[in-house]
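Okay, structure first, notes after.
Labels below follow one simple rule: chain letters A, B, ... track the order of the sequence lines, proteins then strands, and each chain is numbered from 1.
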Number of protein chains: 2
Amino acid sequence: MPSTPLFRRIDVAPAYQKVADAIEREIINGRIKPGEPIGTEQQLVAQFGVNRSTVREGIRVLEEGGLIRRDSSRRLQACLPRYNKLATRLSRALILHEVTFRELFETSMTLEVASVEGAVERATEENIAELAGNLERSAAVVGNPAELAECDVEFHVLMAKASQNRVLQLAREPAAQLFFPTTEMIVGGVPEGGARLVEAHGHILDAIRRRDKEAGVLWTRRHLQDWRRGFEKIASLDRSVEHTYMEHAYAARQ
Amino acid sequence: MPSTPLFRRIDVAPAYQKVADAIEREIINGRIKPGEPIGTEQQLVAQFGVNRSTVREGIRVLEEGGLIRRDSSRRLQACLPRYNKLATRLSRALILHEVTFRELFETSMTLEVASVEGAVERATEENIAELAGNLERSAAVVGNPAELAECDVEFHVLMAKASQNRVLQLAREPAAQLFFPTTEMIVGGVPEGGARLVEAHGHILDAIRRRDKEAGVLWTRRHLQDWRRGFEKIASLDRSVEHTYMEHAYAARQ
DNA sequence: TCTTATCTGTTTGTCCGACAAAGCTAGATT
DNA sequence: AATCTAGCTTTGTCGGACAAACAGATAAGA
């Protein structure tokens, strides 16, 4: 055998993977911008010189990864991966790893506090208006646990948005997706729970308006501690998320 | 039109999607455990009553989502989604959204501090031994920016692991993947940067050993502030990650 | 003239059948 | 008993096919 290899390592990746990689590269490095069309399957067949089945498998990979989507007429186009779509995959992973509510709570506490700090510092008038609108809707449905829980989720999403930090927005999403669905159970099970939730949101919004970081953090912590106390009345923090959550949110989605 | 609709909404999801959903459900709710075989494509064809092409498209979706993989003999089996595989896709999303290093830095500061707090509270002897091993290796390669940067990444992964909080481990990963590759540039560009890095790691490990949360947080903050100062010497924090990162880590991967 | 209905290619989703390469299995061989 | 070989299975890929959904153009009606 020669000391210097005559041949390079042959690329053994299956064709559909190469198709996916090739399209991904074009999107990542910006040659195809979000919203721009990728072309029809037929065109891709012609360009890559592979069978349509192979192209389609490659397309599925990218579609699942959120890099491309089909528009109203099912034509392919590049797109910006949606945070919450990716977050859904992560949530699923967390469930399968059987994480506990304690882990979820601890991490959410960290991220929500960071979120409110950012919001106090950098919330725009528009952010504040959105939060105010949410608060109004929350107050109107305070007696309806399901709708109130939905408002709660949105409030925290808006708060993260107000922080103007997209990395934070993304980082908090997977935990939030698993954490907040239980709010409905808690608000429904604890008398005055709804009122306390809306009150806390009110104080948080007020703190953001006044740019009072200390107050914002304080009320966010209280808000989450409230959740925790409520949760501990109906389940153990050390129980895996799987059992508690599956029976509610995931089952309902099916 | 009758007041109560006669017919239900027809399910229009394409067949490959239904195949993917059906398999996903079996895995999520635990009827198929990680490591267990899914069956051959032929069997799935028989069970679902669809064509093999359709089954294969469904399989690609799940494979990309990390729910199933092919073992050494390419047979299908369920698996636990790997954090860092999912994190890679999130990192990609962050790049496409053109987040800035400021956002990355701010979020990483939050998550690494939470990480060290958890580690101080709950690190096991094994965790500490791993961190100590890493520190030793770091000290040995202090003059080699590339290898030192790799050690730095590992140190922070181990710290998150030591926090015993899997949600936190997952949440920090996407930001870390984008954040730490720059370490090489910084350590290489700033004299004494490598020594300072190893020194900080040493203090952090020491704090974890002594269960001294304050010291742990203090040195973690210093460590990251060091990174920031180093970074600002070579680039702007408000520049999008895309440009700076692409030319280094991503290009190298190709 | 503007709107509506119809027609005509395209494109997608699905199916069928086929084949080479790689892996596995089990019987044959040393 | 260990090894080898031949045959079966499975995957990755290919070619072609067709119905349904769709876009665009054209014709009919207000």
Can you tell me if [X] and [Y] form a side-chain donor-acceptor pair at under 3.5 Å?
{"X": "Asp152(B)", "Y": "Ser138(B)", "result": "no"}
{"X": "Gln42(B)", "Y": "Arg52(B)", "result": "no"}
{"X": "Glu98(A)", "Y": "Ser240(A)", "result": "no"}
{"X": "Asn127(B)", "Y": "Gln164(B)", "result": "yes"}

Should [X] be listed as having a side-chain N or O under 4.0 Å from OP1 or OP2 of [N]?
{"X": "Ser53(B)", "N": "dC16(C)", "result": "no"}
{"X": "Asn51(B)", "N": "dT14(C)", "result": "no"}
{"X": "Thr54(A)", "N": "dC14(D)", "result": "yes"}
{"X": "Arg70(B)", "N": "dG12(D)", "result": "yes"}

Of Thr40(B) and Val50(A), whose closest DNA chain D nucleotide lies nearer the 5' terminus?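 Going by which nucleotide is closer to the 5' end, it is Thr40(B).
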Atom-pair distance ([atom1] on [X]; [atom2] on [N]), nearest Å:
{"X": "Leu76(A)", "N": "dA23(D)", "atom1": "CG", "atom2": "P", "value": "14 Å"}
{"X": "Gln17(A)", "N": "dG12(D)", "atom1": "CD", "atom2": "C1'", "value": "13 Å"}
{"X": "Gln42(A)", "N": "dG9(C)", "atom1": "CD", "atom2": "C1'", "value": "14 Å"}
{"X": "Phe48(B)", "N": "dT14(C)", "atom1": "CZ", "atom2": "C1'", "value": "16 Å"}
{"X": "Glu57(A)", "N": "dT12(C)", "atom1": "CD", "atom2": "P", "value": "16 Å"}
{"X": "Tyr16(A)", "N": "dC14(D)", "atom1": "OH", "atom2": "C1'", "value": "16 Å"}
{"X": "Glu41(A)", "N": "dT12(C)", "atom1": "CD", "atom2": "P", "value": "4 Å"}
{"X": "Asp71(B)", "N": "dA22(C)", "atom1": "CG", "atom2": "P", "value": "17 Å"}

Does any N or O donor sit under 3.5 Å from an N or O acceptor when you compare the side chain of Arg52(A) with the base of dT12(C)?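 Donor-acceptor pair under 3.5 Å: no.
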Do we get Arg60(B) above Tyr16(A)'s six-membered ring, with its NZ or CZ under 6.0 Å from the centre and within 45° of the axis?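 Ring-cation test returns yes.
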Tell me what Arg56(A) touches on the nucleic acid: a base, only sugar-phosphate, or nothing, going by heavy atoms under 4.0 Å.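 Base contact.
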